[in-house]
Amino acid sequence: MKFATRLLNFDACPGDPYRPVATPIYQTATFEQERADGFGPYDYSRSGNPTRSVVEEQLARLENASRAFCFASGLAAITAVTRLLASGEEILAGDDLYGGSYRLFSRILSRTGIGVRYADACNLTAFRDAFTPATKLVYIESPTNPLLRIADIPALAELAHRHGALLCVDNSAMSPYLQNPLDLDADIVLHSATKYLCGHSDVTAGVVAVSDPELAEQIYFLQNGEGSALGPFDSYLLLRGLKTLKLRLDCQQRNAQYVAEFLASHPLVQKVHYPGLASHPGHALHATQARGAGAVISFETGSYEFSRRFVEAVKLFHITVSFGSVNSSISLPGCMSHASIPAEVRAARSLALDLVRLSIGIEDESDLVADLASAFEYASSGTAAAPAVRTRGPVVDLD
Ligand SMILES: *Cc1c(COP(=O)(O)O)cnc(C)c1O
């Protein structure tokens, strides 16, 4: 079956005598047992819940995994993966990562005695040199966030396995529709389901999916033992969002290509980062391991002040730290989602303050481009007063 069919073709409620088409929300903490000396299929919602089981099984199928586990957020999912390591062991992470992952690794994991090294996962020679005998987990994103650089996933899997380490790929920017890291030999695929999987900016959720049954048991043990599983209502929302994943992403990706080409031809844009552009250095590599470029674009203007005025002038894009929603959004990663990365580290990774990130939604593409065009005009006009845009609260820093 093709992906669009697989998104809809699953048992919404195994064993239910009424055959509901939508999965019921089992909003219960406990399940009564028939016997005092044994458990039925469910006993307590931290350990297992029927609504969560349906979405976990569906996600496992979509990622070609044996099992998938849903967590309260992407970071809760990442935390569970890091728990596979013991004190004294190390993570080797790509150096262009979601800011929250960087904060977890650098400021929280360091307290537990787990070491973290960073290296450029898009440069295999540099990355190979960063392994140590203590490296047990390789953690990467491809495309990276926010620079949309491409890492060679099968080559990194081979490198990790040769050093006795597991490869975990954060697949949030692609979703299983566009990329299946387990098929590329990764051991663990991870999602911030808050992004494309849910798709509507109304849930935070995370997913860990694996093929190896023993690894699956370990992840389940952590999910239950640490109490970080996704609740029934959020599981329901995730399942509901998932059904339109292809429909949304097809539209978002088409719009993104249109916007990226507009930006690439705009005189006030210095550089566009989007793997769907033939000029992108990772364009060919990405095409060997993914089925589309996604809908996140970043670009540089050469001036922080210009970028800030630009971001504040757009009207159709919400200023938010997230991406992957049906609504288009815009951010300055250097001041928002990646603000938790120290300035000198940001500079070393060419994560400049003028970098603008767009997440393209399902609006009409000509309206999006017209909005961007008028924001460029405003930002370059030198007018002191801000235009009459919408009202909104303060920009929320990730910290
Ligand atoms: C948002 C994001 C996360 C964190 O997910 P939350 O659901 O916000 O906890 C992790 N990785 C990537 C690539 C993300 O974009």
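We count ligands from 1, going down the list as the structure has it; atoms in each ligand are counted the same way.
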### Query
Is any NZ, NE, NH1 or NH2 atom of the basic residue among R83 and E226 found under 4.0 Å from an Asp or Glu carboxylate oxygen of the other?
yes
### Message
Is there a polar contact between ligand 1 and L75, counting only N or O atoms under 3.5 Å apart?
### Response
yes
#### Entry: Distance under 6.0 Å and angle within 45° of ring axis: R291 vs Y177
no
#### Entry: Other ILVMFWY residues reachable from L247 by side-chain steps of under 4.5 Å
none
### Task
Indicate yes or no: does an N/O atom of E141 lie under 3.5 Å from an N/O atom of ligand 1?
no
### Message
Strictly below 4.0 Å, N to O, side chains only: are K136 and E90 in salt-bridge contact?
### Response
no
### Query
What residue and heavy atom of the protein are closest to atom 7 (O) of ligand 1, and at what distance?
T194 OG1, 2.6 Å
### Query
How does A193 reach ligand 1, by side chain, by backbone, by both or by neither, if only non-hydrogen atoms under 4.0 Å count?
neither
### Message
Quick one, S307 with T301, criterion side-chain hydrogen bond (donor to acceptor under 3.5 Å, both in side chains). Give me CA distance, side-chain angles, the key distance, then yes/no.
### Response
CA-CA 6 Å; S307 292; T301 66; 2.7 Å; yes
### atom 14 (C) of ligand 1: nearest protein contact (heavy atom, Å)
K195 NZ, 2.8 Å
### Message
Is there a polar contact, in the sense of an N or O pair closer than 3.5 Å, between I78 and ligand 1?
### Response
no
### Query
Please state which protein non-hydrogen atom is closest to atom 5 (O) of ligand 1 and give its distance, to 0.1 Å?
S192 OG, 2.9 Å
### Query
Hey, what else clusters with Y18 if you join Ile, Leu, Val, Met, Phe, Trp, Tyr whenever side-chain heavy atoms sit under 4.5 Å?
none
### Query
Between R149 and D120, is there a side-chain N and carboxylate O pair less than 4.0 Å apart?
yes
#### Entry: atom 12 (C) of ligand 1 - nearest protein heavy atom and its distance
D170 OD2, 3.3 Å
#### Entry: Which residue and heavy atom of the protein sit nearest atom 4 (C) of ligand 1, plus the separation
Y98 CE2, 3.3 Å
